[in-house]
Amino acid sequence: MLVIYNSLTQQKETFHPLQPGQVKIYVCGITVYDYCHMGHAKSMVSFDVVVRYLRSQGYQVTHVRNITDIDDKIIQRAQANNESIEALTERFIGAMNEDAQALGLLVPTVEPRATQYMSQILAMIQRLLDQSYAYITASGDVYYRVDKFEHYGCLSHKKLDELQVGKRVDVDEQKENPLDFVLWKSAKPGEPAWNAPWGQGRPGWHIECSAMSTHCLGETFDIHGGGADLLFPHHENEIAQAEAATQKPYVRYWMHNGFIQINEEKMSKSLGNFFTIREVLKKYSGEVLRYFIIASHYRSQLNYSDENLQQAQESLTRLYLTLRDVNAITELTEDSAALNEYIERFYQVMDDDFNTPKALSVLHELATEVNRFNTTDPVAAAGWAFVLRKLAHILGLLEQRPQNYFNQSSTEEAAIIEQLIAARIQARVEKQWQRADQIRDQLLSMGILLEDKEGKTVWRRK
RNA sequence: GGCGGGGUGGCAGAGUGGCCAUGCAGCGGAUUGCAAAUCCGUGUACGCCGGUUCGAUUCCGACCUCCGCCUCCA
């Protein structure tokens with residue numbers, strides 16, 4: 001029985017989807033004006049695991065992840081780069097897809113873009129205006145009237161009068177209440193604009209998610225996710241917009257992931273202390289990044305450091321070594337109570353709000369068992385390895401072939417390696433240990449590690 | 001000021017009222033020409049102070065301290 005921590009109620013709740021067997025989930029994606037950084041990776045991987053796990057439990061999952069392709073930062077960046085908005089956003093959507101692929105992310109069922117949902121956005125704003133949840137200012141902006149929505153603050157558990165509004169940022173004097181937020185921004189000359197009954201402009205940031213999510217998933221849907229920094233005001237505003245417009249409950253389970261930190265500080269664009277995914281990929285594979293991310297709980301903060309990534313790599317390597325050393329990977333024909341216990345435990349810990357660190361510990365225990373069976377019972381080893389890989393797939397891990405993980409090389413390099421290994425074998429036959437060790441060291445300096453096993457010498461990349 | 005989340009062995013990171021987390025690193029052993037890989041064994045860990053309890057890292061209270069949100073941010 002799956003239990004999910006719901007930010008709305010601030011407690012773990014048993015998960016029951018609205019429609020049995022089906023899950024509708026919306027995850028806030030990114031604004032495409034720059035490369036994705038490790039913080040985006042944490043969010044994307046965390047919810048990728050959620051989707052994978054739900055599917056593994058037999059749910060039919062509709063997974064929506066939006067792309068914000070129009071907003072102030074995009075406009076600014078396009079101007080700064082002297083390129084069109086379309087060129088800029090297309091470029092970074094392409095980059096995002098590359099990053100996503102490297103991380104092994106499943107492609108969302110739908111990836112709606114704000115600019116493609118203008119009619120739905122306009123319709124929702126109109127509904128809000130009609131019910132006087134919104135007002136138009138003299139300058140042609142449309143604002144949401146926060147005072148009119150009685151549940152405002154229900155998600156972030158903030159009391160309106162306790163918010164220090166305007167402490168850090170100037171308040172627009174056209175607002176009735178400083179907390180009111182923009183639904184539609186009137187266009188200044190030269191800015192991209194769409195026609196609306198109340199004047200040309202573009203949507204505010206929050207409205208697109210309310211419009212797209214309800215359009216793609218229904219006016220009430222199961223799970224809405226995103227980074228913890230989106231909880232307020234973004235998700236709070238989404239609730240206000242959607243529930244005022246539809247007069248129905250918006251989302252049933254709200255999930256928020258913790259941040260990546262660096263030097264005890266949040267990694268963020270505004271602080272400028274971020275590493276892009278592609279930067280980190282130069283040194284570590286996407287699978288290592290994934291392991292690094294899920295080795296801590298999705299709601300915790302995660303400290304970014306080279307050392308931690310290194311440890312993730314070593315842990316992952318251990319699992320791949322286990323798969324490499326097993327002769328065959330085939331499903332066990334007979335039921336094994338001992339094996340079933342591990343499977344049960346894996347599902348149990350994942351059922352507890354997606355406890356991936358503990359799930360990984362189960363995988364490592366399985367790996368130990370496989371290694372142990374390897375010398376005593378090959379059939380069992382094959383069967384347990386099968387399960388190890390199957391469970392790992394739910395986390396998006398161990399999807400490569402071990403040879404791929406360890407032995408990638410160009411044909412020329414492979415030839416050199418094979419040649420050196422042959423020379424070393426000869427030296428060993430002649431018991432010229434010094435010569436043999438020298439060759440081994442030479443290969444090691446090339447990043448190639450040798451292992452002598454059962455009369456054979458195998459190599460792998462260190 | 002309000003709200004939320006933390007402080008666990010050398011590092012990372014789960015968790016629990018009394019019994020194993022797990023990985024990496026270390027130490028000892030098996031194996032190996034030596035290694036590597038693997039297996040076995042191995043650690044007086046739970047911020048501080050009180051309280052409840054037969055027993056608390058785990059429950060309660062106070063304190064110290066760190067991080068996040070209250071602006072755009074995954």
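Here is how names work: the chains are called A, B, and so on, in the same order as the sequence lines, proteins then strands, and each is numbered from 1.
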Against the side chain of H206(A), the closest entry in A36(B), A74(B), C72(B) is C72(B)
**OP:** Answer yes or no: does a side-chain N or O of R299(A) lie under 4.0 Å from OP1 or OP2 of G4(B)?
**Re:** no
- Task: Hey, can you tell me if Y144(A) and F149(A) have their rings parallel, tilted or perpendicular (30° and 60° cut-offs)?
- Result: perpendicular
Side-chain atoms of R372(A) come closest, of C40(B), G33(B), G15(B), to C40(B)
Relative to the ring of W254(A), is the ring of H256(A) parallel (under 30°), tilted (30 to 60°) or perpendicular (over 60°)?
-> parallel
For this session: Determine: side-chain N/O of H364(A) to OP1/OP2 of U22(B), distance under 4.0 Å, yes or no.
Result: no
query = What is the nucleic acid contact for N355(A), judged by heavy atoms within less than 4.0 Å: base, sugar-phosphate only, or nothing?
reply = sugar-phosphate
Taking 4.0 Å as the cut-off, does a side-chain nitrogen or oxygen of R318(A) come that near to OP1 or OP2 on C39(B)? yes
| So what does L231(A) touch, heavy atoms closer than 4.0 Å: a base, only the sugar-phosphate, or nothing? | nothing
Whole-angstrom distance between U57(B) and U52(B), as gauged at atom P:
15 Å
Remember a base hit wins even if backbone is also touched, and classify Q10(A) as base, sugar-phosphate or nothing at under 4.0 Å, heavy atoms.
sugar-phosphate
Testing C72(B), A12(B), G33(B) for proximity to the side chain of P233(A), the answer is C72(B)
Regarding the side chain of S315(A), the nearest nucleotide among G23(B), A74(B), U22(B) is G23(B)
Measure from the side-chain N and O atoms of E369(A) to the backbone N and O of W384(A), and report whether any donor-acceptor pair falls under 3.5 Å. no
With the side chain defined as heavy atoms from C-beta on, S361(A) is closest, among A21(B), A74(B), A36(B), to A21(B)
Taking C69(B), G5(B), A74(B) as options, the one with an atom nearest any side-chain atom of Y5(A) is G5(B)
Can you find a donor-acceptor N/O pair under 3.5 angstrom joining the side chain of Q311(A) to the base of G23(B)? yes
Of E265(A) and E307(A), the one whose closest nucleotide on RNA chain B sits nearer the 5' end is E307(A)
| request: Could you tell me whether H37(A) contacts a base, only the sugar-phosphate backbone, or nothing, with contacts defined as non-hydrogen atoms closer than 4.0 Å? | output: base
Take the angle between the ring planes of F275(A) and Y304(A) and call it parallel below 30°, perpendicular above 60°, tilted in between. parallel
message: Heavy atoms only, 4.0 Å cut-off, all strands: where does M44(A) land among base, sugar-phosphate and nothing?
response: nothing
Looking only at C11(B), G15(B), C69(B), the nucleotide nearest the N308(A) side chain is C11(B)
Which part of the nucleic acid does S296(A) contact within heavy-atom distance under 4.0 Å: base, sugar-phosphate only, or nothing? sugar-phosphate
| message | Does G226(A) reach a base, just sugar-phosphate, or nothing at all? Heavy atoms under 4.0 Å. | response | sugar-phosphate
Discussion item. At 4.0 Å (heavy atoms only), tell me whether T322(A) reaches a base, stays on the sugar-phosphate, or touches nothing.
Written reply: nothing
Short side-chain N/O contact from K158(A) to OP1 or OP2 of G4(B), under 4.0 Å: no
Here the distance between atom P of C34(B) and atom CG of L449(A), to the nearest Å, is 17 Å
Taking E365(A) first and then K358(A), would you say they form a salt bridge - that is, a charged N and a carboxylate O separated by under 4.0 Å? no
* For U44(B) and C63(B), measure between their C1' atoms and round to the nearest Å. => 26 Å
Q.
Base of C34(B), side chain of R440(A) - is there a donor-acceptor contact under 3.5 Å?
A. yes
Per atom distances to the R424(A) side chain, the nearest of C11(B), C34(B), A74(B) is C34(B)
- How are the rings of Y298(A) and F354(A) set to each other: parallel, tilted or perpendicular (split at 30° and 60°)? perpendicular
With a non-hydrogen cut-off below 4.0 angstrom, is A295(A) in contact with a base, only sugar-phosphate, or nothing?
sugar-phosphate
Stems in RNA chain B, runs of 3 or more consecutive Watson-Crick or G-U wobble pairs with both distances under 3.5 Å, sorted by first number, are B:1-7 with B:64-70, B:10-12 with B:22-24, B:26-30 with B:38-42, B:49-51 with B:59-61
K266(A) to F259(A) six-membered ring, cation-pi geometry met (6.0 Å, 45°) = yes
Under 4.0 Å between any heavy atoms, over every strand shown, what does K431(A) touch: base, sugar-phosphate, or nothing? Just pick one. nothing
To the nearest angstrom, the CG-P distance between L302(A) and G23(B) comes to 20 Å
Subject >> base_contact_polar (G33(B) base, D437(A) side chain, donor-acceptor, <3.5 Å) >> reply: yes
Side-chain contact check for E264(A): nearest option of C34(B), G13(B), C66(B) is C66(B)
Of A74(B), G4(B), C24(B), the nucleotide closest to the side chain of E314(A) is C24(B)
So what does D325(A) touch, heavy atoms closer than 4.0 Å: a base, only the sugar-phosphate, or nothing? sugar-phosphate
Query raised in the report: At under 4.0 Å between heavy atoms, what does S300(A) touch on the DNA or RNA strands: base, sugar-phosphate, or nothing?
Result: sugar-phosphate
Comparing nearest nucleotides in RNA chain B, the 5'-proximal residue of the pair K453(A), M38(A) is K453(A)
Can you see whether F406(A) has K462(A) sitting over its ring - NZ or CZ less than 6.0 Å from the centre and within 45° of the normal? no
### Task
In sequence, state the C-alpha distance, the side-chain angles, and the governing distance for Y143(A) and W184(A), and then conclude on ring pair (Phe, Tyr, Trp, His ring centres under 6.0 Å).
CA-CA 7 Å; Y143(A) 281 102; W184(A) 190 258; over 10 Å; no
With heavy-atom distances below 4.5 Å as the criterion, would you say the side chains of N257(A) and R299(A) are in contact? no
- Touch class at under 4.0 angstrom, heavy-atom based, for G258(A) against every strand present: base
| message | Using OP1 and OP2 only, check whether a side-chain N or O of N371(A) sits under 4.0 Å from C39(B). | response | yes
